[in-house]
S.K.: 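Please see the structure below; I have some questions.
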Amino acid sequence: MTPGWLAFDASPSQPRFRPPPGAVDAHCHVFGPGAQFPYAPERKYTPCDASKDQLFALRDRLGFSRNVIVQATCHGSDNRALVDALKHSKAKARGVATVKRSVTNTELEELNEAGVRATRFNFVKRLVDFTPKEELLEIAQRIAPLGWHVVVYFEAVDLPELRDFFTALPTTVVVDHMGRPDVTKPVDGPEFELFVNMMREHPNIWSKVSCPERLSVSGPPARDGEQNAYRDVVPFARRIVETFPDRVLWGTDWPHPNLKNHMPDDGLLVDFIPHIATTPELQRKLLVDNPMRLYWPEEPF
Ligand code: 0GY
């Protein structure tokens, strides 16, 4: 287990880009506080505590209206911190939980009542131990009648092996961070093409165009400028946004668990958005229409 962590940036810069009214941060986490909601014994890293109140304050500072809070591996399948945040969000947050095959129908209904709308399957080997695909398929079949979807997290090199499983899932499938492309490879090369083709052939597959700070090799922008803003990630994210404008989501990934070298400034992450969604229409779809359709379908917006 990793003993330490980088703390999140407690005073992010005020973004220059103003999200459209009603914008949703569709990928963020709450961690603990560990004294109240202990981390999972099987976790591969220990995060910094990051409370719901800190998350809601960040939401307001960055100019967002709502959050989709995603269960991270350090809390395992104990969704109590997530549910606590959802219940205190004044209906401004929905959730993505992690459940095991042993979850009961009553537990699923309680999660649904709290605002959970998806379950997450994680295939990143440094984060989780292996779960057989039959178990995951069984979980997907159980959550489908609730109207939930499945969020998947994997690395690009593993897509050839995982593709058939993803395309057989009975729900909408949302891919975290564009399937973590290697951005040193060409944007029209065979590796990213496999991902783009999967989305093209399967209209139930969506993508988060998030986490330039995890994918970039060229590195972060200077604190005082946008010129160098994770520029190697831009062609990948732009391609997905422009090819599938109705199936993309964006999130901060606050508080950025498990980053060892560089902690992003969330204000500058927001300033990355107009580089990848270059028109007001694309920005509205990415930040408002798409997440609302997926997570608050009952609400007019
Ligand atoms: C992320 C990315 C990471 C961690 C997790 O569940 C998690 O622990 O998703 C990562 O280490 O890449 O989206 O938060």
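Numbering of ligands and ligand atoms starts at 1, following listing order. Nothing here was measured: the structure is a model prediction, and the numbers come from that model.
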S.K.: Got F195 and P181 here, is their nearest side-chain heavy-atom distance under 4.5 Å?
M.R.: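 With C-beta onward as the side chain, the pair stays apart.
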S.K.: For the residue pair C28 and N67, establish whether any side-chain heavy-atom pair is separated by less than 4.5 Å.
M.R.: yes
S.K.: Between R61 and D266, does at least one N-O distance fall below 4.0 Å, as a salt bridge requires?
M.R.: no
S.K.: Please determine whether residues V187 and V175 belong to a single hydrophobic cluster, defined as Ile, Leu, Val, Met, Phe, Trp and Tyr linked transitively by side-chain heavy-atom distances below 4.5 Å.
M.R.: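 In one cluster: yes.
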S.K.: Identify all N/O pairs between ligand 1 and the protein with a separation under 3.5 Å and present them as a table of atom names and distances.
M.R.:
{"unit_1": "ligand 1", "atom_1": "6 (O)", "unit_2": "T73", "atom_2": "N", "d": "2.8"}
{"unit_1": "ligand 1", "atom_1": "6 (O)", "unit_2": "R120", "atom_2": "NH1", "d": "2.8"}
{"unit_1": "ligand 1", "atom_1": "8 (O)", "unit_2": "Y45", "atom_2": "OH", "d": "2.6"}
{"unit_1": "ligand 1", "atom_1": "8 (O)", "unit_2": "T73", "atom_2": "N", "d": "3.2"}
{"unit_1": "ligand 1", "atom_1": "8 (O)", "unit_2": "T73", "atom_2": "OG1", "d": "2.5"}
{"unit_1": "ligand 1", "atom_1": "9 (O)", "unit_2": "R120", "atom_2": "NH1", "d": "3.1"}
{"unit_1": "ligand 1", "atom_1": "9 (O)", "unit_2": "R120", "atom_2": "NH2", "d": "2.9"}
{"unit_1": "ligand 1", "atom_1": "11 (O)", "unit_2": "R126", "atom_2": "NH1", "d": "2.9"}
{"unit_1": "ligand 1", "atom_1": "11 (O)", "unit_2": "N258", "atom_2": "ND2", "d": "3.2"}
{"unit_1": "ligand 1", "atom_1": "12 (O)", "unit_2": "R126", "atom_2": "NH2", "d": "2.9"}
{"unit_1": "ligand 1", "atom_1": "12 (O)", "unit_2": "Y153", "atom_2": "OH", "d": "2.6"}
{"unit_1": "ligand 1", "atom_1": "12 (O)", "unit_2": "R180", "atom_2": "NH1", "d": "3.4"}
{"unit_1": "ligand 1", "atom_1": "12 (O)", "unit_2": "R214", "atom_2": "NH1", "d": "3.3"}
{"unit_1": "ligand 1", "atom_1": "13 (O)", "unit_2": "H27", "atom_2": "NE2", "d": "2.9"}
{"unit_1": "ligand 1", "atom_1": "13 (O)", "unit_2": "H177", "atom_2": "NE2", "d": "2.7"}
{"unit_1": "ligand 1", "atom_1": "13 (O)", "unit_2": "D253", "atom_2": "OD1", "d": "3.2"}
{"unit_1": "ligand 1", "atom_1": "14 (O)", "unit_2": "H29", "atom_2": "NE2", "d": "2.7"}
{"unit_1": "ligand 1", "atom_1": "14 (O)", "unit_2": "D253", "atom_2": "OD1", "d": "2.9"}

S.K.: One thing to verify: whether E138 and K133 come together as a salt bridge, which I'm taking to mean a side-chain N less than 4.0 angstrom from a carboxylate O.
M.R.: no
S.K.: Please determine whether a side-chain nitrogen of the Lys or Arg among R214 and E155 lies less than 4.0 Å from a carboxylate oxygen of the Asp or Glu.
M.R.: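 No, no charged N to carboxylate O under 4.0 Å.
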